[in-house]
Protein chains: 2
Amino acid sequence: MSAIRGARERARIEVTAAIKDEARKQLAAEGAAKLSLRAVARELGMVSSALYRYFPSRDELLTALIIDAYDSVGETAERAHRTAAAENAAPARPGTHLARWVAVACAVRDWALAHPHEYALIYGSPVPGYTAPQATIGPASRVGLVFIAIAEDAHREEGIGLPPLTAELRPEAERIAADLAPGLPPAVAAPLVAAWSQLFGLLSFEIFGQFNRVVEAREAFFRQAVTELARTVGLLDRRG
Amino acid sequence: MSAIRGARERARIEVTAAIKDEARKQLAAEGAAKLSLRAVARELGMVSSALYRYFPSRDELLTALIIDAYDSVGETAERAHRTAAAENAAPARPGTHLARWVAVACAVRDWALAHPHEYALIYGSPVPGYTAPQATIGPASRVGLVFIAIAEDAHREEGIGLPPLTAELRPEAERIAADLAPGLPPAVAAPLVAAWSQLFGLLSFEIFGQFNRVVEAREAFFRQAVTELARTVGLLDRRG
DNA sequence: CCAATTACGAGAGCAGTGCTCTTGCTTTTG
DNA sequence: CAAAAGCAAGAGCACTGCTCTCGTAATTGG
């Protein structure tokens with residue numbers, strides 16, 4: 001789209017990247033609350049006011065890191081989906097889609113364990129008085145889209161066995177399906193959104209320490225829970 | 001245990017409470033990150049250094065607020081449980097325990113919606129470099145204990161229909177059951193812990209704005225999801 | 001009942017923060 | 001080649017958590 005025009009623009013891109021890298025380093029080391037513009041500038045050998053040429057405020061820097069984090073976990077999920085799809089490409093074998101579901105969930109979990117502070121940044125408490133800017137909603141939905149894709153594939157190739165919706169929830173489920181998964185029947189779309197949020201409940205409790213002294217065999221526990229979650233959206237296991 | 005001995009001790013208790021109240025007010029208004037010791041002191045007409053006679057650091061003040069928040073939501077859950085138990089005291093009617101489960105979950109949700117910053121304090125990202133002190137783990141488990149109690153009642157009075165554990169998860173499930181719910185079979189205890197964390201996944205996504213532009217009919221959606229969650233721990237609905 | 005101890009409030013001060021503004025210098029542009 | 005725009009640096013403001021000292025008040029032991 002836009003080629004680099006001169007030394008100035010090239011330098012700007014590099015400095016911007018260096019700031020984000022250093023900020024990410026501090027984020028990983030100490031958490032978002034202790035990320036300091038002055039410390040970033042200090043580490044980069046510049047004075048703090050110079051940094052404002054690149055990010056108009058601390059919040060804007062954080063927003064950039066949030067977008068990067070969403071993209072990072074989103075790309076992880078997409079890669080896991082591709083890999084799992086390549087490994088068992090046989091279309092009609094039952095359990096295929098459930099296996100992909102679990103693989104993607106585990107990949108997201110691995111990412112979260114490897115980047116706890118970035119996870120906290122996007123799935124923990126929103127930062128003070130902060131409302132997510134428009135630019136974040138695209139990257140933020142990438143993980144969800146992967147699960148939607150799996151459910152759509154499963155529905156198309158294997159069919160999905162799910163009880164009909166209650167009358168109370170039908171209009172909402174139809175709206176959800178129309179808005180973000182037109183290829184999915186409403187009876188699948190609603191449980192899918194619920195499962196999506198519940199997956200991050202499992203992750204948050206593990207990452208944020210709520211499972212301390214409660215759950216020990218974390219991975220086995222997670223795989224089991226996530227498999228059960230897949231059943232609530234109608235994915236069929238190997239027993240059909 | 002300890003009676004108030006003099007004017008000094010009485011004053012200390014009152015000032016401590018006043019500090020916590022003002023801090024809670026600021027927490028509700030601006031969130032934990034913007035809670036400032038100096039602002040609290042200012043509002044109370046004292047100088048900031050005087051506040052350190054009552055709380056040795058900002059983190060200690062936050063810890064006190066965390067404990068209060070856990071107690072607040074815990075008491076809410078317990079009260080909802082008592083009320084629901086009183087309303088349908090018939091022991092053997094199917095659906096009784098599921099109704100209690102949903103009632104408690106909705107009460108917790110109402111509390112979270114009414115106290116979003118306190119919710120964020122205890123179920124959001126842990127504050128910077130902060131590890132939960134011993135004093136929090138008691139209050140922190142009150143909500144969970146309510147759900148355990150419901151499951152135990154259901155298991156004792158109605159029985160619970162759940163598939164057997166996978167071999168992989170059996171030892172972990174047995175440990176969990178032995179540690180925190182000795183009255184419950186392991187096949188129930190493990191899904192119960194999963195359901196507990198998934199419940200807070202639903203809540204966090206709603207409170208933290210992840211459902212914006214996704215879920216509109218929040219309460220209906222929540223009730224449905226939480227009912228489904230109850231089924232995963234074996235609670236039977238009215239249809240038996 | 002009085003002296004010693006202890007708890008407390010106030011103030012000054014330190015190191016750190018986000019952010020603004022001005023001042024020169026360099027690169028880019030018309 | 002001159003004007004305009006981009007940039008780094010420094011000083012400075014208002015704020016933060018926290019420490020230390022110093023007088024005063026309440027509490028306690030003899």
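Remember, predicted model here, so these are calculated numbers, not experimental data. Atoms considered below: every heavy atom in the structure, side chains included; atoms not considered: hydrogens, waters and symmetry mates.
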Quiz prompt | Where protein sits on nucleotides 3-8 of chain D, one letter per nucleotide: B base, S sugar-phosphate only, - none, heavy atoms under 4.0 Å | solution = ---BBB
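One atom, OH of B:Tyr52, and another, P of D:dT21, lie 17 Å apart when rounded to the nearest Å. The CD-P distance, from A:Gln26 to C:dG16, rounds to 14 Å in whole Å. To the nearest angstrom, C1' of C:dC8 lies 12 Å from CD1 of B:Ile19.
The side-chain contact (heavy atoms from CB on, under 4.5 Å) search around B:Ala181 returns B:Ile148, B:Glu152, B:Leu184, not counting sequence neighbours. Qualifying side-chain contact (heavy atoms from CB on, under 4.5 Å) partners for A:Asp71, counting only residues two or more places apart in sequence or in other chains: A:Ile67, A:Pro139, A:Arg142. Taking A:His81 as the reference, nothing meets the ring-ring contact (aromatic ring centres under 6.0 Å, His included) condition, with sequence neighbours excluded. With sequence neighbours left out, A:Thr227 forms a side-chain contact (heavy atoms from CB on, under 4.5 Å) with A:Leu98, A:Val102, A:Arg231.
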Extract all donor-acceptor atom pairs below 3.5 Å that involve side chains of residues 213-226 of chain B and protein atoms in other chains or at least two apart in sequence.
unit_1   : atom_1 : unit_2   : atom_2 : d
B:Arg218 : NE     : B:Val215 : O      : 2.8
B:Arg218 : NH2    : B:Val215 : O      : 3.2

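Heavy atoms of B:Ser57 sit under 4.0 angstrom from primed sugar atoms or phosphate atoms, though from no base atom.
Atoms CG and CG, on A:Leu35 and A:Leu65 in that order, are 6.5 Å from each other to the nearest 0.5 Å.
Distances from the side chain of B:Ser49 to the nucleotides D:dC18, C:dG18, D:dC20 place D:dC20 closest.
For residues 188-203 of chain A, the set of pairs meeting the side chain to side chain donor-acceptor pair (under 3.5 Å) definition, not counting sequence neighbours, is empty. Listed by first and then second residue, the side chain to side chain donor-acceptor pair (under 3.5 Å) pairs involving residues 41-56 of chain A amount to none (not counting sequence neighbours).
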Distances for protein N/O vs nucleotides 13-16 of chain D N/O pairs under 3.5 angstrom?
unit_1 : atom_1 : unit_2  : atom_2 : d
D:dT16 : OP1    : B:Ser36 : OG     : 2.9
D:dT16 : OP2    : B:Arg42 : NH2    : 2.6

